[in-house]
There are 2 protein chains.
Amino acid sequence: MAETIYKIGAFSKKVGLPNSTLRYYEDEGLIKPHYDGNGQRFYTDQDIKWIGFILHLKGTGMRMGELKDYVTWRAQGDATIPQRVELLDRVKRNAEDEIKELEANLEIVRHKIDWYQGKLDASIDEDEDFDHYLQRFQ
Amino acid sequence: MAETIYKIGAFSKKVGLPNSTLRYYEDEGLIKPHYDGNGQRFYTDQDIKWIGFILHLKGTGMRMGELKDYVTWRAQGDATIPQRVELLDRVKRNAEDEIKELEANLEIVRHKIDWYQGKLDASIDEDEDFDHYLQRFQ
DNA sequence: TGTTGACTTCAAGTGTACTTGAAGTAATAT
DNA sequence: ATATTACTTCAAGTACACTTGAAGTCAACA
């Protein structure tokens with residue numbers, strides 16, 4: 001089967017990122033599309049996979065700078081695998097911590113919602129209860 | 001027992017926010033410290049609790065604008081409880097979604113780490129395996 | 001052939017949540 | 001008394017990750 005190619009507009013729709021972002025990522029060295037005889041970019045299915053992976057990494061909180069490091073290391077071959085693993089592992093731990101924190105804060109918000117809903121049924125003095133409530137989280 | 005009061009420096013240490021942030025929050029209407037005869041702010045234990053709650057709300061992703069709404073509604077009394085619950089509930093759902101997304105992305109990163117660690121043991125062709133690996137997430 | 005739409009580069013602008021700096025007054029410590 | 005620290009306001013600056021605008025070239029279709 002022949003290789004499918006995408007110009008920036010088509011690729012943009014395919015991966016769900018605006019053209020501007022694709023150019024920006026290219027400027028930053030995260031993607032390297034090919035260029036045709038007229039100087040227009042085109043992308044392949046390989047690029048779709050790669051962008052997908054980038055988005056997963058970004059989705060765990062990886063920064064542009066770290067992503068750039070990763071790309072650089074990847075281009076340098078297997079010798080840099082330890083660095084890459086270290087980076088991924090740090091990002092992983094950060095994401096895990098973030099989830100824990102989110103869960104904890106979420107728990108407070110859930111309690112507060114419950115408390116308000118109780119208040120909608122039976123009218124209690126707000127200030128006193130709010131204090132009492134908050135004391136549980138100090 | 002007499003009421004403990006804190007000037008901004010002491011309060012800053014107590015709640016873990018820089019003075020500048022405390023002034024900023026005040027400008028934005030999130031906190032209302034008292035002022036002494038010399039025009040200097042002071043805070044009470046009430047304010048500590050309130051800041052604590054604010055930080056929990058921010059920790060779930062609530063924006064300044066939403067926080068301002070919340071404060072405004074709170075000042076307006078019980079009639080605005082439905083709005084407050086609606087806001088908290090939206091913030092709650094956003095946080096839950098964010099956690100789910102983080103978990104999903106984290107899963108990809110964990111697999112990738114495992115894969116790299118396998119690669120450190122047995123040398124496999126990177127490009128082929130990377131492709132194969134990525135195909136599982138399309 | 002013309003016009004619409006997609007593409008190009010490069011610089012400047014945007015939003016969010018602070019953070020820093022300037023310039024000065026007040027309180028505390030030696 | 002004086003030096004140091006804490007405080008004040010207000011405006012401007014910062015970081016991050018894009019996003020938009022200007023000014024122009026190229027391609028596709030009626």
Side-chain angles (χ1 to χ4, degrees), chain A residues 5-44 47 51 53-71 87 90-91 94-95 98 101-102 105, chain B residues 5-44 47 51 53-71 87 90-91 94-95 98 101-102 105:
Chain A
I5 68 165
Y6 309 87
K7 281 198 282 186
I8 199 172
F11 191 68
S12 165
K13 269 164 206 148
K14 198 86 182 170
V15 301
L17 291 175
N19 308 12
S20 50
T21 303
L22 292 171
R23 288 193 205 98
Y24 169 65
Y25 282 1
E26 184 177 346
D27 286 348
E28 298 299 311
L30 300 192
I31 30 175
K32 273 210 209 328
H34 311 274
Y35 279 79
D36 67 16
N38 295 314
Q40 292 200 352
R41 296 168 181 79
F42 64 93
Y43 302 83
T44 69
D47 297 312
I51 288 278
F53 188 57
I54 283 177
L55 293 181
H56 284 307
L57 292 179
K58 287 191 74 64
T60 54
M62 195 186 274
R63 309 287 195 87
M64 289 302 282
E66 294 172 319
L67 227 17
K68 285 186 210 177
D69 288 346
Y70 188 87
V71 169
L87 169 56
R90 182 157 36 81
V91 164
N94 286 346
E98 203 185 321
E101 229 189 281
L102 267 170
N105 291 318
Chain B
I5 68 165
Y6 308 87
K7 283 199 280 185
I8 199 171
F11 190 68
S12 164
K13 269 165 206 147
K14 197 87 182 170
V15 301
L17 291 175
N19 307 12
S20 51
T21 302
L22 292 171
R23 290 194 204 97
Y24 169 66
Y25 282 1
E26 184 178 348
D27 286 348
E28 297 299 310
L30 300 191
I31 31 175
K32 272 208 211 326
H34 311 274
Y35 279 79
D36 67 15
N38 295 313
Q40 292 199 353
R41 297 169 181 80
F42 65 92
Y43 302 83
T44 69
D47 297 311
I51 288 279
F53 188 56
I54 283 178
L55 293 182
H56 283 307
L57 292 179
K58 287 191 73 64
T60 54
M62 195 187 274
R63 309 286 195 87
M64 289 302 280
E66 295 172 320
L67 227 17
K68 286 187 210 176
D69 288 346
Y70 188 87
V71 170
L87 170 56
R90 183 156 36 81
V91 164
N94 286 346
E98 203 185 322
E101 228 189 281
L102 266 171
N105 290 318

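In what follows, every chain begins at residue 1, and chains take the letters A, B, ... in the order their sequences are listed.
Side-chain atoms of Arg23(A) lie closest to dT8(C) of the nucleotides dT8(C), dC7(C), dT19(C). For Arg63(A), whose side chain is taken as the heavy atoms from C-beta onward, the closest listed nucleotide among dA17(C), dC16(D), dT9(D) is dC16(D). Listed nucleotides dA17(D), dC7(C), dT9(D) differ in distance to Asn19(A); the shortest reach to its side chain belongs to dC7(C). Distance from the side chain of Gln40(A) is smallest to dC7(C) among dC7(C), dT19(C), dA17(C). Closest to the side chain of Ile8(A), out of dT28(C), dC7(C), dT9(D), is dC7(C). Closest to the Ser20(A) side chain, of the nucleotides dC7(C), dT9(C), dT20(D), is dT20(D).
Looking at heavy-atom distances under 4.0 Å, Thr21(A) makes contact with sugar-phosphate atoms alone, never a base.
Around atom NZ of Lys58(A), more than 12 heavy atoms belonging to other residues, nucleotides or ligands sit under 6.0 Å away.
In this entry the distance linking OH of Tyr43(B) with P of dA6(D) reads 15 Å, nearest Å. Atom CG of Asp36(A) and atom C1' of dC7(C) are 10 Å apart (whole Å). When the C1' atom of dC16(D) is taken as reference, atom CE of Met62(A) falls 16 Å away, rounded to whole Å. Nucleotide dA17(C) holds its P atom 13 Å from the CD1 atom of Ile54(B), rounded to whole Å. To the nearest angstrom, C1' of dA6(C) lies 14 Å from CG of Leu22(A). Between Tyr35(A) atom OH and dC7(C) atom P the separation is 12 Å, expressed in whole Å. We find that CG of Asp27(A) is positioned 14 Å from C1' of dA12(C), with the value rounded to whole Å. Nucleotide dA17(C) holds its C1' atom 16 Å from the CG atom of Leu57(B), rounded to whole Å.
Closest-nucleotide positions on DNA chain C for Lys7(B) and Gly65(B) were compared, and the one nearer the 5' end corresponds to Gly65(B).
Between Phe11(A) and Tyr43(A), the ring planes are parallel. Angles under 30° get that label, and only those over 60° would be called perpendicular.
Tyr6(B) places none of its side-chain heavy atoms less than 4.5 Å from the side chain of Thr44(B).
Within the 4.0 Å cut-off from OP1 or OP2 of dC18(D), at least one side-chain nitrogen or oxygen of Lys58(A) is found. Considering only side-chain N and O atoms, Arg41(A) lies under 4.0 angstrom from the phosphate OP1 or OP2 of dT9(C). In terms of phosphate contacts, Lys68(A) brings no side-chain nitrogen or oxygen within less than 4.0 Å of OP1 or OP2 of dA17(D). The phosphate of dC18(D) (OP1 or OP2) has a side-chain N or O of Tyr25(A) nearer than 4.0 angstrom.
With respect to Lys68(A) and Glu28(A), a salt bridge is recorded, a charged nitrogen being found less than 4.0 Å from a carboxylate O.
Using a 3.5 Å distance cut-off with no hydrogens or angles, the side chains of Asn19(B) and Ser12(B) do pair a donor with an acceptor.
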